[in-house]
Amino acid sequence: AVGVFTPSGVGSFTLTYTFTDVNTCVDFDTIIVDVINPTLADAGLDFDTCIDAGLVNLFVLESPTPIGGAWTGTGVLGVNFDPAIATAGTYTLTYTVGTGTCLTTDDIIATVNPLPTVIISPDVTICLNDSTQLTSSGGTSYSWSPSAGLSNPNISDPMASPAITTTYSVTVTDVNGCENTEDVTITVNPLPVVEAGLDISVCNQPIAEVLTGYSPTTGAGGTGVWTGQDVSAVGVFTPSGVGSFTLTYTFTDLNTCENFDTLVVTVIDPTPADAGLDFDTCIDVGIIDLTSLQSPTPIGGTWSGVGVTGVIFDPAAVGAGTYAIVYTVGNGTCLTRDTLAITVNPLPVLTISPDTEICLNDSTQLTVSGGVIYSWSPSTGLSDTSISNPMASPGVTTTYTVLVTDSNGCENTEVVTVTVNPLPVVEAGNDITLCNQPIAETLTGYSPLTSGNGVWTGQDVSAAGVFTPSGVGSFTLTYTFT
């Protein structure tokens with residue numbers, strides 16, 4: 001009666017509207033209501049999306065029918081659904097078409113999936129040429145970029161060996177197809193620049209060779225260590241056999257980055273020094289050129305020892321004795337030495353008879369000792385110049401020199417002077433004649449009488465020159481003056 005039509009089936013229905021005014025006058029009119037089946041709204045299929053997918057155009061995505069309807073629900077803005085506004089969850093979205101009794105609706109379920117929660121390994125520092133394992137979780141597929149330095153960019157835990165500091169991004173996709181990214185930075189420290197030094201050659205002797213020329217050395221910047229046969233950690237190489245040996249110098253810096261370099265040590269047998277044969281010499285021989293005398297091998301070595309200056313040995317500077325003189329060649333582990341004994345013999349010690357005086361025509365025996373060979377000069381007045389005790393009868397005062405050679409061949413000289421005094425001039429006086437009577441006759445006229453001692457000798461004469469005849473005859477009397 002009040003004009004509310006509620007369809008109850010399809011068909012054409014005549015409806016009458018009757019109006020009675022205040023005067024009780026009545027009139028009516030009719031309308032025909034055609035009742036048809038409504039067109040059903042079809043919102044499409046349920047869908048899910050990711051929270052960061054951006055605006056979803058529901059008409060484009062769902063192609064609802066009939067067209068021209070309207071969308072309502074949480075996160076719906078006009079024809080768009082905004083997952084970010086809705087946030088993660090499940091939402092009913094309604095599509096409405098028509099009006100009045102022809103209004104129909106259809107609902108779809110929109111599931112907004114959150115982004116996967118990505119757990120990634122922390123930033124790390126490595127050394128050049130090292131590697132580290134990256135890890136990521138929270139999804140079912142993984143994509144790392146850049147791919148440089150990665151063992152596999154499509155797994156959750158690739159090995160990373162970047163050459164430079166690199167930030168890797170991983171895109172993680174979960175079972176819902178939602179993606180999230182995380183970054184991890186690998187800082188790559190450079191390796192220390194290591195130099196082991198030049199290859200060297202040493203000789204096979206147990207002499208320590210301190211390695212040099214390597215860098216950097218142990219200190220505030222890090223620690224270096226040597227490894228290899230016959231080398232200590234601090235770089236002291238002691239040969240134990242011939243051959244070629246590779247030694248490694250490894251340096252670790254303050255970032256624990258490690259690098260190394262190698263050198264080759266060639267060990268050869270040393271050339272032995274030969275100083276020549278031992279020898280002896282005399283103290284007065286003068287300086288001796290050892291190189292010329294000994295012809296040592298190999299050439300180019302050096303001499304050392306008491307009394308040695310350069311290649312010269314001076315016996316006089318050291319005195320008598322036996323001295324060890326060393327010939328050295330090479331250096332370091334190739335240094336070899338040979339020692340010779342030089343015996344410096346003293347000059348023979350001579351004992352010679354003292355200076356003496358003789359009278360003209362007399363002789364005296366000269367004597368000397370201290371050697372095995374003797375040579376006197378001058379030879380004048382000597383009984384033999386090559387013996388130790390010749391008789392000397394010089395006609396004038398003479399100084400004799402004797403050259404004495406001992407068993408070592410060393411020579412010395414001594415001198416002795418034989419002074420020859422002249423004979424006095426003696427006069428016995430004139431011959432005399434006396435009578436045979438026992439009367440003493442004092443001789444006169446003889447000389448000299450002074451500066452000496454005169455003596456008469458002969459028959460019947462006294463030493464003082466008194467002649468007493470004892471018989472007739474001729475008697476020779478002699479006056480001797482000393």
Side-chain angles (χ1 to χ4, degrees), residues 276-295 303 305-325 340-427 448 451-455 478 480-482:
L277 300 177
D278 298 343
F279 68 92
D280 56 4
T281 187
C282 298
I283 196 170
D284 67 341
V285 75
I287 60 174
I288 297 171
D289 186 323
L290 295 172
T291 298
S292 296
L293 177 67
Q294 297 295 100
S295 298
W303 294 94
V306 177
V308 174
T309 303
V311 301
I312 299 301
F313 175 71
D314 188 354
V318 297
T322 299
Y323 301 93
I325 305 301
L340 65 84
I342 300 178
T343 300
V344 178
N345 295 310
L347 299 186
V349 177
L350 306 186
T351 302
I352 196 168
S353 51
D355 294 344
T356 186
E357 293 186 10
I358 64 171
C359 297
L360 183 62
N361 299 328
D362 283 349
S363 63
T364 185
Q365 189 167 40
L366 305 180
T367 60
V368 68
S369 62
V372 294
I373 300 174
Y374 302 89
S375 178
W376 295 85
S377 66
S379 61
T380 304
L382 296 181
S383 61
D384 191 330
T385 59
S386 59
I387 61 175
S388 64
N389 54 349
M391 295 300 296
S393 304
V396 295
T397 296
T398 301
T399 297
Y400 290 100
T401 300
V402 61
L403 176 65
V404 179
T405 305
D406 63 13
S407 58
N408 297 314
C410 296
E411 298 177 340
N412 203 356
T413 60
E414 272 290 0
V415 296
V416 59
T417 299
V418 178
T419 301
V420 179
N421 293 316
L423 300 181
V425 179
V426 178
E427 290 290 340
S451 301
N453 189 26
V455 176
T478 300
T480 301
F481 188 83
T482 300

A.B. asks: Between G319 and I283, which heavy-atom pair has the shortest distance, and what is it?
C.D. replies: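 Smallest heavy-atom distance, with atoms named: CA-CD1, 3.7 Å.
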
A.B. asks: Go through the side-chain N and O atoms of T419 and T397 and say whether any donor and acceptor fall under 3.5 Å apart.
C.D. replies: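 T397 and T419 do not have a side-chain donor-acceptor pair below 3.5 Å.
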
A.B. asks: Look at atom CD1 of I287 and say whether more than 12 heavy atoms of other residues, nucleotides or ligands are closer to it than 6.0 Å.
C.D. replies: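 Open.
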
A.B. asks: For V306 and I325, work out which heavy atoms get closest and say how close.
C.D. replies: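 Residues V306 and I325, closest heavy atoms: O-CD1, 3.6 Å.
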
A.B. asks: Evaluate the side-chain proximity of D278 to T322: yes if any heavy-atom separation is below 4.5 Å, no if none is.
C.D. replies: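 Result no, sub-4.5 Å side-chain heavy-atom pair not found.
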
A.B. asks: Which residue, V415, V404, T413, V402, forms the side-chain contact (heavy atoms from CB on, under 4.5 Å) with I352?
C.D. replies: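 Option passing the side-chain contact (heavy atoms from CB on, under 4.5 Å) with I352: V402.
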
A.B. asks: List the steps and the verdict of side chain to side chain contact (heavy atoms under 4.5 Å, CB included) for T364 and V418.
C.D. replies: CA-CA 8 Å; T364 185; V418 178; 4.1 Å; yes

A.B. asks: Quick one: disulfide (SG to SG under 2.5 Å) pairs with a partner in residues 344-427, sequence neighbours left out?
C.D. replies: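 Residue pairs passing disulfide (SG to SG under 2.5 Å), neighbours aside: C282-C410.
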
A.B. asks: Is a side-chain donor or acceptor of N453 paired with a backbone partner of T482 at a separation under 3.5 angstrom?
C.D. replies: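 No; judged by distance alone, with no hydrogens or angles, the pair does not exist.
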
A.B. asks: What's the shortest heavy-atom distance between D406 and N408, and which atoms?
C.D. replies: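 What the structure gives for the nearest pair is OD1-N, 2.9 Å.
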
A.B. asks: Main chain of E414, side chain of Y400: is a donor-acceptor contact present, judged purely on distance under 3.5 Å?
C.D. replies: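 Between the backbone of E414 and the side chain of Y400 there is no qualifying donor-acceptor contact (under 3.5 Å).
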
A.B. asks: If every non-hydrogen atom of Q365 is compared with every non-hydrogen atom of N389, which pair is closest and at what distance?
C.D. replies: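 In this case the closest contact between Q365 and N389 is NE2-O, 3.2 Å.
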
A.B. asks: Can you tell me how the ring of F313 sits relative to the ring of Y323, calling it parallel under 30°, perpendicular over 60° and tilted otherwise?
C.D. replies: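 Because their plane-to-plane angle lies in the 30° to 60° range, the rings of F313 and Y323 count as tilted.
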
A.B. asks: Might you point out which heavy atoms bring D384 and W376 nearest each other, and give the distance in Å?
C.D. replies: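 Minimum heavy-atom contact is O-CD1, 4.3 Å.
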
